Amino acid sequence: MRRPGEMPVTSEPAPEVTSRAEPITDASTLDGAKGECAVVVEHLTKHFGERVAFDDVSFEVGYGEVFGFLGPNGAGKTTTVRTLGTLLAPTSGSATVAGIELCPENGPAIRSRISIMPESPGLYLRLTVMENLECFAGLYELDDIRGRIDRALRAVNLADRGTDQCGALSKGLRQRVALARALLNDPAVLFLDEPTSGLDPVATHEVHELIGSLREKGVTIFLTTHRLQEAERLCHRVAILSTTLRLIGRPHDLRDQLFSRSLDVRVRTRLEDPDAVLGGLPGVEGWEQAPSGYTLAVSDPEIAAPQVARALVGAGADILSLAESRHSLEDVYLELINEDVEAKNR
Amino acid sequence: MSFSWTRVRAITVKELRDYRRNRFVIGTMTVLPLLFIILPMIQLFNANAKTDTTNLNLHIGLSLLYMLVIPAFLPSSLSAYSIVGEREQGTLEPVLITPIRREEFLIGKALAAFAPTIVIAYIVFGIFLAAAALFAHPAITTAIYARTHVLVQLLFTPLLAGWAIWVGIAVSARSTDMRVAQQLSVLGTLPLLAILALISLNVITVSTALAVGLAAALLAIDLLAWRAVAAVFDRERLITGTRT
């Protein structure tokens, strides 16, 4: 049941991060960055010729936050990440990444403070896990290379696989190596681009566990995905992109914002005159027929539920269940994306 | 952030490790030099010391030309693969996401193709000189050990390799297909090889001064080629396939 009225794009400040666990490695890169946002994006736009990849996108990501970036294929998620990672130059707009202004001259400085794990792990398959990580430790000019590699491998539960050739690893393990690679430089912001794409459920679960543990440690994560359960489970806030930014906020806030609160009632037999029973109840704003009962729009489910139960019993209905409706992030997402599809078709 | 030899080294070491585990690369690096040590030997031992000077020089010139084919062709396939190959394998983006500068990336790639080429080319030339000293007729040996021949080999081996590498990397940076890149990079080495063929076959008579002059010119061309390759190296195009 969709809440009436327009659907504004809201941009709320990032939640305050009150505590931060120890970084993955010993050297923290966050010194001097406290109190700032990890990522600030203002009216950022990227065109490829006539084609618009993303347009007028603005948001902020706080340090220690896990920020979900959702959208359908072709919405511009990966292009946004690549732009923030200085691989692509924005057409217009501005951004600050890890406290550094996004511009071509600052490319190496930004890239030294962030990590991006692309959708494809992109490992050198003839090299061992250790050799892959050694290469990237060199590219970041890290000290204590062996120590950092050991800690990164431990963080992804691969401490005993350092000598394995990457080509011999399963897809899930390769993804873990890619994650270890992304953690090597203690990034101020870790961009994960579709980290579970193409993985089976077990491997997906493993990656979720790893991201969850990073979240516990206070690592700032920018997660692009179109797996909505993944975002709902892992992210403090999410943004939904469909070329333009459609919505941004905490998952439960988005649900409340997009959908009215409601009760689902299942009854054995339908009421003869439901409007007479449900229509005038205190706290009930409206009702509609559902396949096995009724869905009631309510202002406060805790006040409305007992009233509804009493009214139904009074009307002689056999109540099978009475519960508050649970809209998932998927409902929010589909609602918005369907709006876009309908708008395009008009 | 300034130019970093640590990042260059990381790329070079990674490339060399990758070559070592790649049967195709090992095969190419073994078969080609083997071929180009056998063919000159045949030329050398077929040469009759009593034949006229022109014919003798032709035999020796051909033998030495085979030596120069190694630095011209051996790094071509390696450098042609260097960027388009990584792009096809999906390994380019993770590298470009690091703080590495394009100059560092290109030098790292070039050194990885350069080092084994030079080692192999000089070893093959050393074997050839040793074989000439041990088994060839003294007149032939004397002709082979002529100062200009040795100088041309020593100077032009690295310079020709440098040219072949930069041509290969340039083609690789702009190509979308590995096979096309490899073919074009081999074609790109032919003009210089043609000049060296004329020198080796004594069509162009080379003095020491001219050899050094040509080497200096080729060095300048190699340096210009590096700058040109750095200019055509476009991260955005490599990642998205779209021109900026």
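All chains are named by letter (A, B, ...) in the order of the sequence lines, taking the proteins before the strands, and each is independently numbered beginning at 1. What you see is a predicted model, and the numbers here were worked out from it, not measured in a lab.
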Is chain B contacted by the side chain of [X], its backbone, both, or neither, given a heavy-atom distance below 4.5 Å?
X: A:A89; value: both
X: A:I116; value: both
X: A:F136; value: side chain

*Answer yes when B:E93 and A:R82 have at least one side-chain N-carboxylate O distance shorter than 4.0 Å, and no when they do not.*
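Answer for the salt bridge query: yes.
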*Between B:R9 and A:E141, is the closest basic N to carboxylate O distance under 4.0 Å?*
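So A:E141 does not pair with B:R9 through a salt bridge.
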*Could you tell me which of B:I100, B:N22, B:L92 has the largest number of non-hydrogen atom pairs under 4.5 Å with chain A?*
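Max contact count across the listed options: B:N22.
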Which pair of heavy atoms, one from [X] and one from [Y], lies closest together, and at what distance?
X: A:C135; Y: B:A10; value: O-CB, 3.5 Å
X: B:R7; Y: A:G138; value: CG-O, 3.7 Å
X: B:P94; Y: A:P121; value: CG-O, 4.0 Å
X: A:L87; Y: B:L96; value: CD2-O, 3.5 Å
X: A:R126; Y: B:R21; value: O-NH1, 3.0 Å

[atom1] of [X] to [atom2] of [Y]: how many Å apart, nearest 0.5 Å?
X: B:T6; Y: A:D143; atom1: OG1; atom2: CG; result: 11.5 Å
X: A:T86; Y: B:R235; atom1: OG1; atom2: CZ; result: 6.5 Å
X: B:T91; Y: A:L123; atom1: OG1; atom2: CG; result: 9.0 Å
X: B:D18; Y: A:L125; atom1: CG; atom2: CG; result: 9.0 Å

*Give, as side chain, backbone, both or neither, the part of B:E86 having an atom under 4.5 angstrom from any heavy atom of chain A.*
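Only the side chain of B:E86 comes within 4.5 Å of chain A.
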*Contact origin within B:V95 toward chain A - heavy atom pairs under 4.5 Å*: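 For B:V95, heavy atoms of backbone and side chain both lie under 4.5 Å from chain A.
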*Using the side-chain hydrogen bond (donor to acceptor under 3.5 Å, both in side chains) rule, take B:E15 and A:Y124 through it: C-alpha gap first, then chi angles, then the decisive distance, then the call.*
CA-CA 10 Å; B:E15 290 283 301; A:Y124 296 107; 5.7 Å; no
*Show the numbers, then the answer: is there a side-chain contact (heavy atoms from CB on, under 4.5 Å) between A:I114 and B:I97?*
CA-CA 9 Å; A:I114 64 169; B:I97 285 163; 5.7 Å; no
*Heavy-atom pairs under 4.5 Å with chain B are the metric here; pick the option from A:P118, A:S120, A:G85 that has the most.*
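When all of A:P118, A:S120, A:G85 are compared, A:P118 has the most.
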*Look only at the side chain of B:R17 and the backbone of A:L127, and say whether a donor-acceptor pair between them is shorter than 3.5 Å.*
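No, because the side chain of B:R17 does not come within donor-acceptor range (under 3.5 Å) of the backbone of A:L127.
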*Do the non-hydrogen side-chain atoms of B:I11 and A:L139 ever get within less than 4.5 Å of each other?*
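Yes, close enough: below the 4.5 Å cut-off.
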